[in-house]
Amino acid sequence: MKKFTQILGLIGLVGLGVGFVALLIGQKANPFIYLHLLIGGGLALLGLLSNLVGLRDYFLKRAGKAYSGAVLQMLILLAIVFLLGFISYQHDRVFDVTSNRIYQLSPQTEEILRQLPGEIKVTAFLPSVGYDEARQLLQLYQNQSPRIKLEFIDPDRHPELAEASGISTYGTVVFDYQGQRTRIVDPREDRVSGALIKVSRKESWAIYFITGHGEADPEQQDKGGMSLIKQYLESQNYQVKPLQISAQGIPEDARVIVAAGPRMPYQQVEIEAIDHYLGKGGDAIFMLDPMVPTNLEALLQGYGAAPLVGIVIDPVNYLTGMDAVGLTVVANTFDPNHEITRELKGKLVAFPRTQALRITAGPEQAGKWIPLVYSSASSFLETNLEEFRQGRLYQGPENPKGPLLLACAYSEELMVKPWEQDKKKPGQIRIALLGNTFFMRNMALEIYSNYIMAINLFNWAAGEQELETIIPKARMPSRVFITARQTQLIFYSSVLIIPEMLCVLGLAVWWWRKK
């Protein structure tokens, strides 16, 4: 009977060990853990009580005392290891010994964290599998500043929380501060730090959408409206306002003005107001749909760019779900360095019913225009608009062939005149010109990466470049370049000489012991 209870006691100890290990790993109790702890504890207690006399006699012997001392030392060692692990878990510290400091925030970010005005809640919607680098990065922010309150939510396990926050993309991080909210996708250090600045900033930039000429309406919620982009902009802490240009010109608080697909020409007084606004360092986004004269063409021509007459057709790379003739051009060629398009590498953007653009800048404007997006080589520009209106398409030799420019950006540094020194700080004119508005309307904003390009477009035009010096860090391959002589030295020493020495040493020890 004693032997049987001893076996039961050993089984109980095994069950207790498995239960404790499962609890340490999972950090959350479940029926499996409860079952092992209860049954294992009961069996271990039964074995202990049934063999109490024998255990006492054993430990009074010399061998038992030695064994009990060894067990006690092992338990003390385990307790020390557990205590050190608990302390390190409660006081997490990272020591970065990588060559490019990928586990350390930049000095600019550290300064931003020191100047945070209050507690900012950061909610990261990351699945349980993957996104390890994003988790590590966000935890660096939490470790650096007590004002960062970080929470991870798995959108697969808690879809109701993701839906309540309007999250539809993995890797979305939401920042909340005193009623203000902004969000980013695919967190990197420059984006996270930029979001912290945005959400904690007291002022909110105003973006004006020009009205009165049939432009797309940010309040309109049907397919042709822009209510979705308005929601996204407001989530980025922008104010979206309508603008009817009057004799007073553009409002002083305008950060960006937007001409979103006008259907009627602008009046001369309106053109002059826009020109005056740009001349003072204003920023603007012009999205001009094909086959619609707007009177903005001459203004843009003065800066060195203009739309081409016609509509772009791509019979190969187009979105079949929206048309059957190639009007919804799908572009995958982007400028890899510009702030608007550098995130689009390897992605697609759909441009329904777009016209092509042409940069005509002379030597005085060289380098100010940057081509951003091109159509594919299979595209062409349909210039016979009468035939097009009647539903006939023909790719003739007179049609310009792709790649065709679909979007471009202009930037120019302004120098303040001495008599304006107190009135205006040095600024920069920023103009984005696109060949259509439909990619940003509700009908297409959530197709492919249209949303990413649209948000980057507004951020760039608004001058959200506080963190342009923060370069995202990446793991660099560790390489050692050695000569042929060094290669031979490594081979002979590791493959031949060291094994030879070990063999000689082993033979010497064997011969010495044999004698």
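These numbers come from a predicted model, not from an experiment.
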Stepwise salt bridge (charged side-chain N to carboxylate O under 4.0 Å, His left out) test for Arg188 and Glu133: CA-CA 9 Å; Arg188 300 183 318 194; Glu133 291 187 5; over 6 Å; no

Leu196 vs Tyr141, side-chain contact (heavy atoms from CB on, under 4.5 Å): CA-CA, chis, key distance, verdict: CA-CA 11 Å; Leu196 291 174; Tyr141 279 82; 3.8 Å; yes

Euclidean distance, [Y] [atom2] relative to [X] [atom1], rounded to 0.5 Å:
| X | Y | atom1 | atom2 | result |
| --- | --- | --- | --- | --- |
| Ile148 | Lys121 | CD1 | NZ | 13.0 Å |
| Gln142 | Leu113 | CD | CG | 11.5 Å |
| Ile112 | Ser193 | CD1 | OG | 4.5 Å |
| Ile370 | Asn337 | CD1 | CG | 9.0 Å |
| Leu372 | Leu405 | CG | CG | 7.5 Å |
| Lys230 | Gln220 | NZ | CD | 12.5 Å |

With the side chain counted from C-beta on, respond yes when [X] and [Y] share a heavy-atom pair under 4.5 Å apart, and no when they do not.
| X | Y | result |
| --- | --- | --- |
| Ile431 | Asp283 | no |
| Leu126 | Ile153 | no |
| Pro262 | Val292 | no |
| Tyr238 | Arg255 | no |
| Pro251 | Leu243 | yes |
| Leu357 | Leu406 | no |
| Phe125 | His158 | no |
| Leu138 | Val173 | yes |

Is there a donor-acceptor pair under 3.5 Å between the side chain of [X] and the backbone N or O of [Y]?
| X | Y | answer |
| --- | --- | --- |
| Thr109 | Leu105 | no |
| Ser145 | Arg147 | yes |
| Asn442 | Ser227 | yes |
| Asp154 | Ser128 | yes |
| Glu382 | Ile311 | no |
| Arg135 | Gly130 | yes |
| Trp205 | Val256 | no |
| Tyr177 | Lys198 | no |
| Asn456 | Ile340 | yes |
| Arg353 | Phe351 | no |

Could you verify whether a donor N or O on one side chain and an acceptor N or O on the other, from [X] and [Y], lie under 3.5 Å apart?
| X | Y | value |
| --- | --- | --- |
| Asp335 | Thr341 | no |
| Glu297 | Gln301 | no |
| Glu412 | Tyr410 | yes |
| Asn399 | Thr383 | yes |
| Lys347 | Asn450 | no |
| Ser375 | Asp314 | no |
| Asp186 | Tyr170 | no |

Chi angles and distances behind the side-chain contact (heavy atoms from CB on, under 4.5 Å) call for Phe209, Ile257: CA-CA 6 Å; Phe209 280 73; Ile257 62 171; over 6 Å; no

For [X], does the [atom1] atom sit with more than 12 other heavy atoms under 6.0 Å from it, leaving out its own atoms?
| X | atom1 | value |
| --- | --- | --- |
| Gln244 | CD | no |
| Glu151 | CD | yes |
| Gln239 | CD | yes |
| Arg358 | CZ | no |
| Arg157 | CZ | no |
| Glu160 | CD | yes |

Least distance between heavy atoms, [X] atom then [Y] atom:
| X | Y | result |
| --- | --- | --- |
| Pro265 | Asn295 | CB-ND2, 3.4 Å |
| Thr354 | Pro290 | C-CG, 4.1 Å |
| Phe458 | Val258 | CE2-CG2, 3.7 Å |
| Ala305 | Leu433 | CB-CD2, 4.0 Å |
| Leu381 | Gly310 | CD1-C, 3.6 Å |
| Leu344 | Met453 | CD1-CB, 4.0 Å |

Inter- and intrachain pairs under salt bridge (Lys or Arg N to Asp or Glu O under 4.0 Å), touching residues 440-462, at least two apart: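 Sorted pair list: Asp289-Arg441.
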
The single option from Val330, Val349, Asn332 passing side chain to side chain contact (heavy atoms under 4.5 Å, CB included) against Tyr448: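 Looking at Val330, Val349, Asn332, the match for Tyr448 under the side chain to side chain contact (heavy atoms under 4.5 Å, CB included) is Val330.
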
Verdict with supporting geometry, Val240 and Tyr208, side-chain contact (heavy atoms from CB on, under 4.5 Å): CA-CA 6 Å; Val240 178; Tyr208 281 91; over 6 Å; no

Phe438 vs Met443, side-chain contact (heavy atoms from CB on, under 4.5 Å): CA-CA, chis, key distance, verdict: CA-CA 7 Å; Phe438 294 99; Met443 62 188 292; 3.7 Å; yes

Summary of ring-ring contact (aromatic ring centres under 6.0 Å, His included) pairs that have at least one residue in residues 265-290, sequence neighbours excluded: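 Output for this query lists His213-Tyr266.
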
Cationic N near anionic O, under 4.0 Å, Glu413 to Lys368: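 No salt bridge links Glu413 with Lys368.
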
